[in-house]
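Here the structure is laid out as structure tokens; the discussion comes afterwards.
Not measured: the values here are computed from a predicted model. Note that the numbering runs from 1 along the sequence shown for the chain.
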Amino acid sequence: MNKEIKTDNFIISENSPAYIIAEIGINHNGQYELAEQLIIESAKAGANAVKFQKRDANSIMIKENINPNPIGYLSKKVDDISTDQPDYGSWSYPDIRLELTENDYKKLQKVARNEGVDFFASPWDEKSLNFLIELKVPLIKIASVEIKNYQFLEKLSKSDIPLILSTGTADEKEVDTAFKLLKKNSNNIILLQCTSAYPSKFEEIDLNVINTFKKQYNCIVGFSGHEPGINVGVSAVALGAKVIEKHVTLNKNMNGTDHLASIDMTELSNLVKGIRQIEKALGNNIKQKYESEDVLVSILGKSLATKKSMSAGDILKKEDLIAKGPSTGISSQKFYEVIGKKLLKDKKADQILMPDEIE
């Protein structure tokens, strides 16, 4: 399994910074202007990539189940907010109002390119997959709900584009089946731990699965989160996640299916900053002493001092010495080295022992 994947702008590997995906999804509410603004603001916040969801309603749902008059008001602008909001789960699906045109996608790809971020999407059907292949996206995300759609997984595996498999809605056996199916035709798979509840309960997130996946599949592993806030995403990086995905919105109060389960741009910026700080803090596996610590040692460090008055020629014994500040004399860490040495100078009690005062 390839553990270094190159995108349009970045490299995803065990040695690279975490790849942070701003999941725009359908939070553009079908409005091109909102989609463009989401890309620009996500790039400003420091995201590496923006991801959309591409669907063809007739390909994913039988015709009689497609509501021509979808339920729920969708905000057309950031400050266009209605209090008449359906509960999560009661929105129409698929909602044909949420689909951007193929031309919109082509224009948005150029916007992302100008902003220096990768642009890709989750295809929910074969028609959408073929379009994304034509668009030459650097990655394809497989939505959690498709993890048991084996016919579609086989097609995805043959796309010759690196795949990100989200594992929400699946147990260990189902993840294993999907991964092995994809592996038959693809050597570029990123596996994301995910719980597909909006929002996810903290006790159902199971971040420790990240290390389970790393050991079992020997591939790049990440985390896709739907929980409130940013702390879990930052923590996932500390556990070894190399890809982090979070839904983003311009305003959590906007009307639409996913806004309430998303983070806003201030939170996204803080997520990026937190992850980059954690990456610096992780450092390496070697315990080191740093020069920056010398100031503290100079103030709080200890030297060997006499517990009683002593005369030149006395042989130093354990009971003669105590560690006290300041750290200007023989370091307290030399305690065992000086035991048995001859004192060369008379010393009063409670005096620091200097290097030239012992044999």
Side-chain angles (χ1 to χ4, degrees), residues 1-8 10 12-13 19 21-26 48-61 93-94 98-100 102 105-106 108-109 112 118-196 209 213 216-224 226 241-245 247:
M1 190 59 58
N2 191 357
K3 298 188 77 173
E4 181 176 288
I5 293 175
K6 295 181 180 180
T7 69
D8 289 340
F10 303 96
I12 308 172
S13 74
Y19 186 75
I21 304 168
E23 162 70 284
I24 292 172
I26 51 176
N48 301 108
V50 291
K51 188 188 82 66
F52 288 75
Q53 296 176 13
K54 182 74 177 75
R55 296 177 180 86
D56 176 67
N58 291 315
S59 297
I60 62 173
M61 188 67 66
Y93 178 81
L98 294 170
E99 298 310 314
L100 297 167
E102 291 188 354
Y105 270 85
K106 293 174 182 177
L108 291 170
Q109 186 181 46
D118 291 332
F119 175 92
F120 65 102
S122 298
W124 290 58
D125 54 85
E126 190 172 349
K127 181 178 179 181
S128 297
L129 170 61
N130 291 336
F131 170 69
L132 293 176
I133 292 172
E134 292 174 11
L135 206 58
K136 296 182 179 179
V137 293
L139 298 163
I140 288 177
K141 166 76 183 300
I142 304 172
S144 289
V145 293
E146 301 296 337
I147 198 167
K148 288 164 268 190
N149 185 351
Y150 300 138
Q151 180 184 18
F152 191 39
L153 290 183
E154 184 178 356
K155 290 183 171 66
L156 285 157
S157 73
K158 297 176 180 178
S159 66
D160 202 30
I161 296 174
L163 303 170
I164 301 177
L165 176 62
S166 199
T167 60
T169 76
D171 60 22
E172 286 185 0
K173 184 177 179 181
E174 290 164 337
V175 170
D176 194 59
T177 299
F179 188 87
K180 288 177 178 176
L181 198 161
L182 293 174
K183 190 178 176 181
K184 288 180 180 179
N185 298 300
S186 177
N187 197 40
N188 296 296
I189 304 171
I190 298 171
L191 203 55
L192 302 187
Q193 164 58 0
C194 176
T195 301
S196 295
V209 172
F213 283 167
Q216 187 166 347
Y217 297 107
N218 193 34
C219 67
I220 297 170
V221 175
F223 172 70
S224 177
H226 305 113
K242 301 308 296 186
V243 175
I244 297 294
E245 179 188 62
H247 283 259

Got a sec: does the NZ of Lys3 have more than 12 other heavy atoms crowding it under 6.0 Å? yes

Distance col, row Leu129:CG vs Glu146:CD, nearest 0.5 angstrom, shows 10.5 Å

Spacing of Ser128 atom OG and Leu135 atom CG [to the nearest 0.5 Å]: 11.5 Å

Can you label the angle between the Phe52 ring and the Phe119 ring as parallel, tilted or perpendicular, going by 30° and 60°? tilted

Closest approach of Asn187 to Met1 (non-hydrogen atoms, all atoms of both residues): OD1-CA, 3.0 Å

Which atoms form the tightest heavy-atom contact between Ser122 and Lys141, and what is the distance? OG-CG, 3.0 Å

After noting the C-alpha distance and the side-chain angles of Val175 and Phe213, does the key distance pass the side chain to side chain contact (heavy atoms under 4.5 Å, CB included) rule? CA-CA 10 Å; Val175 170; Phe213 283 167; 4.0 Å; yes

Test side-chain hydrogen bond (donor to acceptor under 3.5 Å, both in side chains) applied to Lys184 - qualifying residues, sequence neighbours left out: none

Once the angle between the rings of Tyr19 and Phe10 is folded into 0 to 90°, is it parallel (under 30°), tilted (30 to 60°) or perpendicular (over 60°)? perpendicular

Please answer whether the main-chain N or O of Asp56 pairs with a side-chain N or O of Asp125 as donor and acceptor at a distance below 3.5 Å. yes

Name every donor-acceptor pair, under 3.5 Å, that has one atom in a side chain of residues 160-167 and the other anywhere in the protein, sequence neighbours excluded.
from, atom 1, to, atom 2, distance (Å)
Ser166, OG, Ser144, OG, 3.1
Thr167, OG1, Leu192, O, 2.6
Thr167, OG1, Cys194, N, 3.4

As an exercise, state the distance from OH of Tyr93 to CE of Met61, rounded to the nearest 0.5 Å. 6.0 Å

Scanning both residues in full, the closest heavy-atom pair of Ile60 with Arg55 reads CD1-CD, 3.8 Å

As an exercise, state the distance from CD of Glu102 to CG of Leu132, rounded to the nearest 0.5 Å. 9.0 Å

Between Lys148 and Thr169, what is the shortest heavy-atom contact and its length? NZ-O, 2.9 Å

Which pair of non-hydrogen atoms, one from Lys51 and one from Ile21, has the smallest distance, and what is that distance? CB-CG2, 3.8 Å

How far apart are the closest heavy atoms of Ser157 and Asn185, and which atoms are they? OG-ND2, 3.0 Å

Might you work through the side chain to side chain contact (heavy atoms under 4.5 Å, CB included) test for Glu4 and Ile12, ending with a clear yes or no? CA-CA 6 Å; Glu4 181 176 288; Ile12 308 172; over 6 Å; no

Lys158 and Glu154 ion-paired at < 4.0 Å: yes

